[in-house]
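All figures in this text were calculated on a predicted structure; none of them were measured in a lab. Proteins get letters first, then strands, A, B, ... in listed order; numbering begins at 1 in each.
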Amino acid sequence: MEHKVMSLLHNSRNLGHLRQAHALVLKTRLDANNHVVAKLLRTLLAQPSSRGDPLPYARSIFYSVSSPDAFIFNTMMRAELVSQRPRETLSLFLRMRRRDGVFCDSFSLSLVVQACGRLMDGDNGRTVHAQGIKIGFESDLFVQTALIEMYAKLGSVEISKRILDDLEEPDLVSFNVLLAEYVRIGEVQLARDLFDKMLERDLVSWNTMIHGYATLGDVMEARNLFDEARERDVVSWSSMIGAYARTRQSNEALKLFHEMQLANVVPDNITMVSVLAACGDIGALGMGKMIHEYIKRTRIEVDMKLGTSLVDMYAKCGDIDSSLRVFNQMDRRDVLTWSSAILGLANHGSGQAALQFFSEMIAEGIEPDDMAFVGVLSACSHMGLVDEGWTYFTSMSDVYGIAPKMEHYGCMVDILARAGRLQEARELIRKMPFAPDAVVWRALLGGCRVYKESDLAEEATVNLLELEPNADGNYVLLSNIYTQEKKWDKVIHMRKMMRNVNIEKVPGSSSIEVDNAVHEFIAGDRSHPRTEEIYQMLSEMLEKLKAAGYKPLTSLVSHDLEERQKEIALAHHSEKLAIAFGLVSTNPRTPLRIVKNLRICDDCHLVIKLISKIYDREIIVRDRNRFHHFLGGSCTCKEYW
DNA sequence: CTAGGGTTAG
């Protein structure tokens with residue numbers, strides 16, 4: 001009978017088979033046979049995790065065994081450990097020690113030591129270590145490796161190092177564990193010293209070092225090691241792509257992903273998280289969609305993190321519908337998933353929906369994070385909800401215990417300033433626990449311009465110039481204010497000031513994706529292969545615009561130029577070039593998606609509205625702050641940006 | 001009587 005049950009278990013392909021086998025075990029009283037129960041447990045635990053959490057069932061089997069042996073204990077301890085329940089592993093170990101006749105072995109020790117490390121339970125950890133010495137497992141590499149990891153996690157990496165040094169025959173894994181722990185605590189140089197001293201290194205050693213430099217932000221050194229390694233697997237590639245993605249070298253990240261495919265290394269869900277982040281960063285929707293298709297086609301598991309990356313990518317690429325579609329398909333969502341959707345909705349001008357999502361998230365018992373509040377406050381800003389904004393802002397610290405950061409103050413100042421409550425905005429800046437940055441002053445200034453508060457505007461601009469003395473845009477703002485106020489002496493003074501500093505024009509650049517290739521333009525760009533067509537289209541556009549009554553807002557141009565030259569400068573703004581290229585290179589009525597690195601200027605905003613009507617095109621522009629959907633002559637931002 | 005335990009990327 002035992003043989004029959006064992007082969008039944010051996011051939012169990014799913015939970016149904018397994019339950020049948022379990023029933024047979026109980027019927028034939030084989031549950032007293034530890035050998036059979038162990039096989040049952042291990043078969044169950046080997047089931048793919050997608051069929052639900054096997055732990056409750058495994059526990060019920062375990063606790064029904066009358067006299068479990070060490071093997072069964074160890075099986076259960078490991079099951080708890082790999083399911084992130086180290087406390088259960090520890091209590092199983094303690095239970096085991098209390099049982100007569102069940103002696104823990106080196107397997108139990110290595111598992112419980114890992115558990116203590118993850119729990120950062122130094123008391124139990126050291127006790128177990130002492131017991132291990134008494135029983136005599138000092139020569140067991142598995143136990144020693146677990147101890148190296150445990151002491152590092154307890155904050156005593158010197159002890160880890162000593163254990164490694166004392167090993168008579170350390171193997172690669174024991175070295176690799178210490179390497180990884182050095183990296184985890186940020187001691188990359190110590191890791192490097194150890195790495196250099198190692199006589200033998202495997203892929204894990206190399207990957208650990210690549211990741212180490214990547215976390216330091218030293219992408220160059222990470223790349224050096226990546227290039228130097230004679231073998232690269234999916235972890236090496238993912239680490240390196242992730243390093244580029246985190247430092248926003250997104251084109252580099254995508255280039256490397258391409259090389260990875262040429263190298264025939266199969267990407268997994270972790271690779272895709274970084275690749276999608278890169279797509280979102282540069283707004284490459286076509287590329288992002290291809291990645292999504294690839295994920296579906298190759299059945300890469302869309303877990304919570306990958307799902308969140310898709311939600312985020314689609315939102316950042318301006319496709320909020322797809323973003324929400326993925327969001328709705330996910331069966332589990334954490335705070336990052338919700339926050340990505342909330343911020344996405346807010347940036348698309350769907351303030352109401354963003355606030356709705358926020359309350360649903362709270363109703364589900366999920367604690368909001370920084371990003372969720374940026375989303376909520378931007379939503380309030382777009383809708384002009386001042387009191388609601390205040391309520392959310394104060395609830396951050398009062399209800400959720402989150403200290404508002406600079407960006408939250410920036411949003412709040414923006415909300416107040418847009419509503420014309422400029423003194424309150426100024427007061428809030430005064431009360432901030434840190435020195436305001438340029439974003440905060442710009443938010444105040446935005447309101448001052450609208451409500452013609454010239455004294456406050458001057459104060460804001462002076463502060464702004466102190467923080468960013470080299471940005472030419474700030475001088476334009478100040479000059480506009482003085483001109484408006486007819487304070488000519490100040491205009492002259494300012495121009496003198498400008499001559500004394502090094503004005504750096506932050507080049508505005510816009511990109512547009514056509515046939516999955518991203519084309520980038522800077523103002524006055526003539527480097528594109530289809531430059532002739534683009535400029536021809538541009539003059540056609542201007543003719544039609546002027547026929548529709550458009551007058552270039554030349555007062556926005558800072559230089560001392562002739563009126564005609566100012567018009568040319570405006571007409572050559574990067575977003576206009578990108579749109580001209582879009583118009584000549586896509587079929588009629590194809591939506592155009594533009595990504596701009598700065599805020600869109602008033603003239604371009606006006607022009608794009610008209611273009612959307614004249615050429616019957618939906619145009620979606622992502623600027624530094626939010627999305628603008630232009631359609632039929634108007635924009636979803638309602639002039640609010 | 002045997003099984004079984006340790007390392008890297010989001």
Not counting sequence neighbours, which residues clear side-chain contact (heavy atoms from CB on, under 4.5 Å) with A:Lys405? List them please.
A:Asp370, A:Glu407, A:His408

Please determine whether a side-chain nitrogen of the Lys or Arg among A:Asp193 and A:Lys197 lies less than 4.0 Å from a carboxylate oxygen of the Asp or Glu.
no

For the side chain of [X] and the backbone of [Y], is there at least one donor-acceptor N/O pair under 3.5 Å apart?
X        : Y        : value
A:Ser110 : A:Ala146 : no
A:Glu88  : A:Met77  : no
A:Arg201 : A:Phe195 : yes

What integer distance in Å separates [X]:[atom1] from [N]:[atom2]?
X        : N     : atom1 : atom2 : answer
A:Met96  : B:dG4 : CE    : C1'   : 12 Å
A:Phe175 : B:dT8 : CZ    : P     : 17 Å
A:Tyr182 : B:dT7 : OH    : P     : 18 Å
A:Phe103 : B:dG4 : CZ    : P     : 23 Å
A:Glu200 : B:dT7 : CD    : C1'   : 14 Å
A:Ile135 : B:dG5 : CD1   : P     : 20 Å
A:Asn74  : B:dA3 : CG    : P     : 14 Å
A:Met198 : B:dT8 : CE    : C1'   : 12 Å

So what does [X] hit on the nucleic acid, given a heavy-atom distance under 4.0 Å: a base, only sugar-phosphate, or nothing?
X        : answer
A:Ser110 : base
A:Gln114 : sugar-phosphate
A:Ser236 : nothing
A:Ala146 : nothing
A:Leu306 : base
A:Thr75  : nothing
A:Val177 : sugar-phosphate
A:Val143 : base

Output yes when at least one side-chain N/O atom of A:His35 is less than 4.0 Å from OP1 or OP2 of B:dC1, else no.
no

Would one find a side-chain N or O of A:Arg246 under 4.0 angstrom from OP1 or OP2 of B:dA9?
no

Answer with yes or no whether [X] presents, from its side chain, a donor or acceptor under 3.5 Å of a partner atom in the base of [N].
X        : N     : answer
A:Asn176 : B:dG6 : no
A:Ser238 : B:dA9 : yes
A:Asp105 : B:dG5 : no
A:Ser106 : B:dG5 : yes

Go through [options] for me and flag the one nearest to the [X] side chain.
X        : options              : value
A:Asn207 : B:dG5, B:dT7, B:dT8  : B:dT8
A:Val235 : B:dA9, B:dG6, B:dA3  : B:dA9
A:Arg42  : B:dG10, B:dG4, B:dG6 : B:dG4
A:Asn269 : B:dG6, B:dG10, B:dT8 : B:dG10
A:Lys305 : B:dG10, B:dT7, B:dG6 : B:dG10

Below 6.0 angstrom between ring centroids: does that apply to A:Phe373 and A:Tyr400?
yes

If we require ring centres under 5.5 Å and near-parallel planes under 30°, does A:Phe71 stack on B:dA3?
yes

A:Phe107 aromatic ring stacked with six-membered ring of B:dG4, 5.5 Å and 30°
yes

Please report the closest heavy-atom contact between A:Gly242 and A:Ser274, naming both atoms and the distance.
CA-OG, 3.3 Å

